[in-house]
Asker: 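This is the structure I have questions about; it appears just below.
Letters A, B, ... mirror the listed sequences (proteins, then strands); counts begin at 1. Any value given below was found using the heavy atoms of this structure, including those in side chains, with hydrogens, waters and symmetry copies removed. These numbers were taken from a predicted model, which means no experiment stands behind them.
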Protein chains: 2
Amino acid sequence: MRISAKADYAVRAALELAAAGEGVSVKAEVIAGAQGIPHKFLEGILGDLRRGGLVASQRGGNGGYRLARPADTISIAEVIRVVDGPLVSVRGVRPPELSYCGPAESLLPLWIAVRANVRKILGEVTLAEVAAARLPGDVLGLAEDPEAWTNP
Amino acid sequence: MRISAKADYAVRAALELAAAGEGVSVKAEVIAGAQGIPHKFLEGILGDLRRGGLVASQRGGNGGYRLARPADTISIAEVIRVVDGPLVSVRGVRPPELSYCGPAESLLPLWIAVRANVRKILGEVTLAEVAAARLPGDVLGLAEDPEAWTNP
DNA sequence: TCATTCCCTATTTTTCCAGTAGGGAAAATA
DNA sequence: TATTTTCCCTACTGGAAAAATAGGGAATGA
């Protein structure tokens, strides 16, 4: 299970906008510099976010991008979905479209459970919370366990 | 976040072995037929599982593959790691190797929390449980929520 | 000895990811 | 109006990884 560069970049760009403050425009070039993202690649991502209704843009001098909604109403899951499609997929298809047979039948509810769990976290955490380094208690609880930081 | 065909196939193959019973050998061709997996592709996967110590093999007539350990001691996470490497990665690298700056700093604990949650589920569920359609209570609880089955 | 089955290496095919290139359109500024 | 700035759009490229195929070699059991 891998989170794509595009999803990672999109969230980081959105966080820069959240940190800039409501209604403040930031140029793509500035975001690219701040987060070390290739400029032209980022422009494509910001275009996706705009078409997805998460970001608004302004051309010309002093133009740039800003969040289309308050940062505390945009979840990380929304950002990822807009640029990458479904949050979790198996062989490229969403779990409910899968069909298993024989001893693998219970694999479907298992993938569903995994997806539900990922949704729970990424769906409840907002850009505002991450940008302000104030993660919700339950998420912080998971992240504070030292074991969560070790590689198996 | 996508689960690869290889990981999906590997788990399904392992489930066939779990269902066959302890110490019973099953031919690759039979597994491939039962689960609709390309035969030669599956052979490669079974080779990975064998080198990873999860499966034992026997050549010649009446040969085949069998689990190297009891099915209730092998987690789904183990199977996936053997064929695909790290369970969760961001841009191909494991979360602890990432570094973020500025308003994205709290992204790291967030990915860690996601990973911890995925580990929790896939690490606690065993081949025996899935093959027997007896998922643990907490996993079943997640999968039973009707909302978990809807696409956003 | 012979059929069976796993085992190994290489190759192909396809797909998608990540990044690049270049110019066009709108908006502000002078 | 001219100019600069900045977003906007289309195309495309290189490369890696995923998914699958091919063909034969080495055990094993009958």
Side-chain angles (χ1 to χ4, degrees), chain A residues 1-13 16-17 20 24-33 35-68 80 83-86 89-93, chain B residues 1-13 16-17 20 24-33 35-68 80 83-86 89-93:
Chain A
M1 302 187 73
R2 134 181 201 141
I3 287 145
S4 69
K6 204 170 171 186
D8 184 55
Y9 289 164
V11 174
R12 284 157 64 189
E16 286 286 340
L17 297 182
V24 177
S25 280
V26 186
K27 293 188 246 301
E29 184 65 53
V30 172
I31 300 173
Q35 288 294 328
I37 304 172
H39 171 226
K40 284 299 227 175
F41 191 34
L42 177 62
E43 277 201 344
I45 292 169
L46 288 167
D48 288 341
L49 293 176
R50 181 179 51 78
R51 279 182 291 273
L54 297 185
V55 149
S57 60
Q58 176 75 19
R59 295 203 251 205
N62 265 24
Y65 295 89
R66 64 183 189 281
L67 294 181
I80 296 180
V83 298
D84 255 6
S89 69
V90 179
R91 276 177 294 133
V93 309
Chain B
M1 301 185 76
R2 146 187 192 131
I3 287 145
S4 69
K6 203 170 170 185
D8 184 54
Y9 290 164
V11 173
R12 285 156 65 189
E16 286 286 340
L17 297 182
V24 178
S25 282
V26 187
K27 292 188 247 301
E29 183 65 54
V30 171
I31 300 174
Q35 287 294 327
I37 304 171
H39 171 225
K40 283 301 228 175
F41 191 35
L42 178 62
E43 277 201 344
I45 292 169
L46 288 167
D48 288 341
L49 293 176
R50 180 179 51 80
R51 280 182 289 274
L54 297 185
V55 149
S57 60
Q58 178 74 20
R59 294 202 251 203
N62 264 26
Y65 294 88
R66 63 183 190 281
L67 293 180
I80 296 179
V83 298
D84 255 4
S89 69
V90 179
R91 276 178 293 132
V93 311

Asker: Rounded at 0.5 Å granularity, tell me how far CZ in A:Arg51 sits from CG in A:Leu46.
Answerer: 10.5 Å
Asker: Minimum heavy-atom separation for A:His39 to A:Ala32, with atom names?
Answerer: CA-CB, 3.9 Å
Asker: Pick base, sugar-phosphate or nothing for A:Lys40, based on heavy-atom distances below 4.0 Å to the nucleic acid.
Answerer: base
Asker: Is the phosphate of C:dT5, meaning OP1 or OP2, less than 4.0 Å from a side-chain N or O of B:Tyr65?
Answerer: no
Asker: Hey, does A:Gly64 reach any base, or is it just sugar-phosphate, or nothing, if we go heavy atoms under 4.0 Å?
Answerer: sugar-phosphate
Asker: Could you list the residues that satisfy side-chain contact (heavy atoms from CB on, under 4.5 Å) with A:Val93, not counting sequence neighbours?
Answerer: A:Leu98
Asker: For the atom pair CG (B:Leu42) and CD (B:Glu29), what is the distance rounded to the nearest 0.5 Å?
Answerer: 9.0 Å
Asker: Answer with yes or no whether A:Lys6 presents, from its side chain, a donor or acceptor under 3.5 Å of a partner atom in the base of C:dG19.
Answerer: no
Asker: Taking the minimum atom-to-atom distance to the side chain of A:Pro38, which one of C:dA18, C:dC8, C:dT20 wins?
Answerer: C:dT20
Asker: At under 4.0 Å, does any side-chain N or O of B:Arg50 touch on OP1 or OP2 of C:dC8?
Answerer: yes
Asker: By a strict heavy-atom criterion of less than 4.0 Å, which residues belonging to residues 51-62 of chain B are in contact with DNA chain C?
Answerer: B:Arg51, B:Ser57, B:Gln58, B:Arg59, B:Gly60, B:Gly61
Asker: How far apart are the closest heavy atoms of A:Gly92 and B:Arg2, and which atoms are they?
Answerer: CA-NH1, 3.7 Å
Asker: Reading DNA chain D from 5' to 3', where do the contacts with chain A start and stop? Cut-off is 4.0 Å to heavy atoms.
Answerer: D:dT5 to D:dC9
